[in-house]
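Small disclaimer: the values here were computed from a predicted structure and weren't measured.
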Amino acid sequence: GKNKIEEIDGIDKLTKLRRLDVQSNRLTKITNLATHKNTLEELFLASNAIDNEGASQPNGLALEFTSLTTLDLSKNKLTSTKPFSHLRPLEELWLSSNNIQTFEDVTFISVLSDTNGGMYNGLEGIYLEHNPLASDFEYRKRIAEIIPSLKTIDANMVGAVARYSGITSMGSVNRLGKGGIAAASSSGVETLEANMRKLQDIAIERAKAETEAHKKGQGLEEEETK
């Protein structure tokens, strides 16, 4: 990064290239990646001047990459996620500090939740903070609805853990019945991560208790059959 590069070029001979970092340069478009569409796994392009057109070049990100799991385009000039809707292997997509205005601009990548029968893991993490849409009150809730496979949004856990714990859109945690906890709300006293750890600990303790009870039950049955 930081080499004043204006175009990706001269890497055709790197036929086994898996990671490419061209952050903090002068790129306005992504090109010349055809040689690497089956090997590239991580592509870092943050802090350039890439817009939607620049991210949709036929010999760039418009290619059908087969192994690309991480794509970083933070701090560019994007207004839509449409250029990435075909990148089915993606697991991490970082688009913070762009100019994505509406949730409709994110719906293009809802298809990345589809694992295609287990062929892909689905999109698991996304960064959209510091885009205009992130100021919406229900921002994380809406994004999680659009992309159900997500496990993290801006490094905050969502998905199965949130559904299990009953986390509300305000960040509070509902009681879990017997033995459940009532965590602090979004005041910041207890972070989401801390709540998750508590919930996980509770789940583990319950599982242990159930296992012990099951073992004792089996022991009584064996005693009775003797």
### Task
Decide whether Gln57 and Asn59 meet the rule of one side-chain donor and one side-chain acceptor closer than 3.5 Å.
no
### Task
State yes or no: do Leu17 and Leu90 share one hydrophobic cluster built from I, L, V, M, F, W and Y residues joined by side-chain heavy-atom distances below 4.5 Å, directly or via other members?
yes
### Message
I'd like to know if the side chain of His130 and the backbone of Leu95 have a donor-acceptor N/O pair within less than 3.5 Å.
### Response
no
### Side chain proximity check, Arg140 to Asn156, heavy atoms < 4.5 angstrom
yes
### Message
Under a 3.5 Å distance rule, please check whether His36 uses its side chain to pair with a backbone N or O of Leu14 as donor and acceptor.
### Response
yes
### Message
If the test is side chain to side chain contact (heavy atoms under 4.5 Å, CB included), which one of Leu150, Asp154, Val158 qualifies with Ile143?
### Response
Leu150
### Task
May I ask you to check whether over 12 heavy atoms, not counting those of Glu7, lie within 6.0 Å of atom CD?
yes
### Task
State the CZ-CG distance between Arg18 and Leu40, to the nearest 0.5 angstrom.
10.5 Å
### Query
Looking at CE of Met119 and CG of Asp114, how far apart are the two atoms once the value is rounded to the nearest 0.5 Å?
10.5 Å
#### Entry: Spacing of Glu64 atom CD and Lys37 atom NZ [to the nearest 0.5 Å]
8.0 Å
### Query
Hey, does the side chain of Thr115 reach the backbone of Gly122 with a donor-acceptor pair shorter than 3.5 angstrom?
no
### Message
I want to check something: taking the side chain as every heavy atom from C-beta on, are Thr66 and Thr39 in contact at a cut-off of under 4.5 Å?
### Response
no
### Message
Counting C-beta onward and ignoring hydrogens, is there a side-chain heavy-atom pair between Asn131 and Tyr139 closer than 4.5 Å?
### Response
no
### Summary
Taken in chain and number order and not counting sequence neighbours, the residues that satisfy salt bridge (Lys or Arg N to Asp or Glu O under 4.0 Å) with Glu91 are none
### Task
Test Ile147 against Ile109 for side-chain contact (heavy atoms from CB on, under 4.5 Å), laying out the working first.
CA-CA 7 Å; Ile147 312 169; Ile109 56 173; 3.8 Å; yes
### Message
Would you say Phe108 ends up clustered with Tyr120 if hydrophobic residues are merged whenever their side chains have heavy atoms under 4.5 Å apart, either directly or through other cluster members?
### Response
no
### ILVMFWY cluster, Leu93 and Phe44 together (side-chain gap under 4.5 Å)
no
### Message
Quick check against the 3.5 Å criterion: does Thr152 have a side-chain atom that pairs as donor or acceptor with the backbone of Met157?
### Response
no
Using a 3.5 Å cut-off and no angle test, enumerate the donor-acceptor pairs between side-chain atoms of residues 70-77 and protein atoms at least two apart in sequence or in another chain.
unit_1, atom_1, unit_2, atom_2, d
Asp72, OD1, Ser74, N, 3.0
Asp72, OD1, Ser74, OG, 2.9
Ser74, OG, Ser96, OG, 3.1
Asn76, OD1, Asn48, N, 3.3
Asn76, OD1, Ala49, N, 3.3
Asn76, OD1, Ile50, N, 3.0
Asn76, ND2, Leu45, O, 3.0
Asn76, ND2, Leu73, O, 3.1
Asn76, ND2, Ser74, O, 3.1

### Query
When rounded to the nearest 0.5 angstrom, what distance separates CD1 in Ile30 from CG in Leu61?
3.5 Å
### Query
Salt-bridged, Asp105 to Lys82, with N to O below 4.0 Å?
no
#### Entry: Asn99 side chain vs Pro132 backbone, donor-acceptor pair below 3.5 Å
no
### Message
Evaluate Asp9 against Thr31 for side-chain contact (heavy atoms from CB on, under 4.5 Å), listing each step before the verdict.
### Response
CA-CA 8 Å; Asp9 200 7; Thr31 56; over 6 Å; no
### Message
Quick one, Leu27 and Ile8 - any side-chain contact, counting heavy atoms below 4.5 Å?
### Response
yes
### Summary
Residues at least two apart in sequence or cross-chain that pass side-chain hydrogen bond (donor to acceptor under 3.5 Å, both in side chains) with Glu42, listed by chain then number, are Arg19
#### Entry: Path from Val106 to Val111 over hydrophobic side-chain contacts below 4.5 Å
yes
### Query
With under 30° as parallel and over 60° as perpendicular, where do the rings of Trp94 and Tyr127 fit, or are they tilted in between?
perpendicular
### Message
Please report the interatomic distance NZ(Lys4) to OG(Ser24), rounded to the nearest 0.5 Å.
### Response
13.0 Å
### Query
Stepwise, does the side-chain contact (heavy atoms from CB on, under 4.5 Å) test hold for Val22 with Ile5?
CA-CA 8 Å; Val22 204; Ile5 295 171; 4.1 Å; yes
### Residues Ile11, Asn32; criterion side-chain contact (heavy atoms from CB on, under 4.5 Å); working and verdict
CA-CA 8 Å; Ile11 59 173; Asn32 300 322; 5.8 Å; no
## Note on the structure
dist His86:NE2 -> Ser56:OG (nearest 0.5 Å) comes out at 8.0 Å
#### Entry: Pairing of Asp51 and Lys29 as salt bridge, 4.0 angstrom limit
no
### Task
Measure from the side-chain N and O atoms of Asp136 to the backbone N and O of Ala134, and report whether any donor-acceptor pair falls under 3.5 Å.
no
